[in-house]
Protein chains: 2
Amino acid sequence: MILKSQVEWALHCCAILSGLPEGRYLSTKALAELHGLPKEYLSKALQSLSQAGLVHTTLGPSGGYRLAKAANELSFLDVVEAVEGSGRTFVCQNIRANNPCRPKGYCESGPCAIARIMWEADEAWRAALRKVTFADLGKILHQEISPEIWSGTFDWVLKRAG
Amino acid sequence: MILKSQVEWALHCCAILSGLPEGRYLSTKALAELHGLPKEYLSKALQSLSQAGLVHTTLGPSGGYRLAKAANELSFLDVVEAVEGSGRTFVCQNIRANNPCRPKGYCESGPCAIARIMWEADEAWRAALRKVTFADLGKILHQEISPEIWSGTFDWVLKRAG
DNA sequence: CGAATTACGGATACATAATGTCCCTATTCG
DNA sequence: CGAATAGGGACATTATGTATCCGTAATTCG
């Protein structure tokens, strides 16, 4: 059970977008170049973000993406679910119903206990991702990235931001 | 990102095995029949449990599986990891290293902040599964399964347990 | 002892999903 | 108008999950 690499890409892209000045946009091409990713395929991940309403887009030259809301209101969970979907990691196929000891037509009282426990773990995972925003990430990155790379990347991005 | 159905199977099988009297064994055939699963394929899941040391096996007629430790010492996480592996759900491909603004040969100070956050969520998921044992599950099931099905299944299993 | 039954592991086939590429369209900027 | 962009559909490739089959060694029972 491994998350798609598009999730990683989307997170890194949002990290960059969260540092973009108000009203500026950054293109797929620039984001792909910055991360060494295939432009066409990265585009699919960005489209997922767009469809989820997490980013705003413009067309034409100088077009691209920006966050649709403030960085402190965009959580990791938002991005992960936009790309990966919001389904559960555990799907209950209700195999208890195959128990030959059951009376025919027996009706379940509710979801399987095993599934409920697995879903609680899923929810713990979601809760952990929900509480971290891209404002939080920005602070962490600002602390641990060397100042030259930080400002160098910032300039690189600004030069390409429409 | 969805867990293998083998995880569900293994959990249900351990639930049954945890109700087995001391020293008795239950075969793949019986477990498959009880859950309506393909015997040959379920066998792979049970082998994973065996390799992880979670169950004990015997060969020959009247052979099969039993738990290798007490139900209150076997956690959901044990079973999930035995089948699904203990790797993280988020794999960091370190795409930050592709940043063209970096000096050549630049050496990372540590794992990517994004990866660390994702791994913390993974750990929250694991922690939730680690704290639930099959003794806990047994109590829950005993409360919510109708007495006829409970004892009917118990008899069915005992009749086939070697 | 011999036959039946079992766990175990390897080989193989198939379906589904992830990954990646290509091309066309509508829109927007200069 | 021409260039650059997001968006989306079609397709190829690869990896993974699902499932089946068969051979081997060990064990039980008659």
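Contact annotation: the side chain of A/Phe90 never approaches that of B/Val80 to less than 4.5 Å [non-hydrogen atoms, C-beta and beyond]. Residues B/Leu3 and A/Met118 have side chains in contact (heavy-atom distance under 4.5 Å, counting atoms from C-beta outward). Side-chain contact between A/Ser27 and A/Arg160 is absent, with no heavy atoms from C-beta onward closer than 4.5 Å. The shortest side-chain heavy-atom distance between A/Trp119 and A/Pro111 falls under the 4.5 Å cut-off.
Rounded to whole Å, atom P of C/dT6 lies 12 Å from atom CZ of B/Arg160. One atom, CG of B/Leu46, and another, C1' of D/dT18, lie 16 Å apart when rounded to the nearest Å. Across the protein-nucleic acid pair, A/Ile2 atom CD1 and C/dA18 atom P stand 12 Å apart, rounded to whole Å. Rounded to an integer number of Å, the gap from A/Glu8 CD to C/dA18 P is 16 Å. As a whole-Å value, the separation of A/Gln47 CD from D/dG7 C1' is 5 Å. Rounded to whole Å, the distance from CG on B/Leu42 to P on C/dT6 is 14 Å. Straight-line distance from the CE atom of A/Met1 to the P atom of D/dT18: 13 Å, rounded to whole Å.
The stretch residues 76-90 of chain B does not touch DNA chain C, since none of its heavy atoms comes less than 4.0 Å from the strand. The stretch residues 23-34 of chain A has no heavy atom under 4.0 angstrom from DNA chain C at all. Proximity of residues 49-56 of chain A to DNA chain D (heavy atom under 4.0 angstrom from any strand atom) is restricted to A/Ser50, A/Gln51.
OP1 or OP2 of D/dT18 has not a single side-chain nitrogen or oxygen of B/Gln6 nearer than 4.0 Å.
Here the CG atom belonging to B/Leu11 is positioned 9.0 Å from the CD1 atom belonging to A/Ile95, to the nearest 0.5 angstrom. In this structure, CG in B/Leu158 is found 11.0 Å from OG in B/Ser151, a value given to the nearest 0.5 Å. For the atom pair CG (A/Asn99) and CD1 (B/Ile16), the distance works out to 7.0 Å, reported to the nearest 0.5 Å.
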Contact letters for nucleotides 20-30 of chain C, in which S counts primed atoms plus P, OP1 and OP2 and B counts the base, heavy atoms under 4.0 Å: BBBB---BBB-
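Aromatic ring pairs are classed by plane angle as parallel below 30°, tilted from 30° to 60° and perpendicular above 60°; the pair A/Tyr41 and A/Trp9 is perpendicular.
With sequence neighbours excluded, the residues that form a side chain to side chain contact (heavy atoms under 4.5 Å, CB included) with B/Ser146 are A/Tyr106, B/Glu148, B/Ile149.
Within the structure, ring-ring contact (aromatic ring centres under 6.0 Å, His included) pairs that include any residue of residues 136-162 of chain B comprise B/His142-B/Trp150 (at least two apart or interchain).
The residue A/Gly162 sits apart from the nucleic acid: no heavy atom pair falls under 4.0 Å.
Salt bridge status for A/Glu108 with A/Arg102: present, with a side-chain N to carboxylate O gap under 4.0 Å.
In summary, the side chains of A/Asn98 and A/Arg96 do not present any donor paired with an acceptor at a separation below 3.5 Å, with no hydrogens or angles considered.
Heavy-atom minimum distance, B/Leu74 versus B/Leu54: CD1-CD2, 3.9 Å.
Exactly one of B/Lys69, B/Glu73, B/Arg130 qualifies for a side-chain contact (heavy atoms from CB on, under 4.5 Å) with B/Asp78. That residue is B/Lys69.
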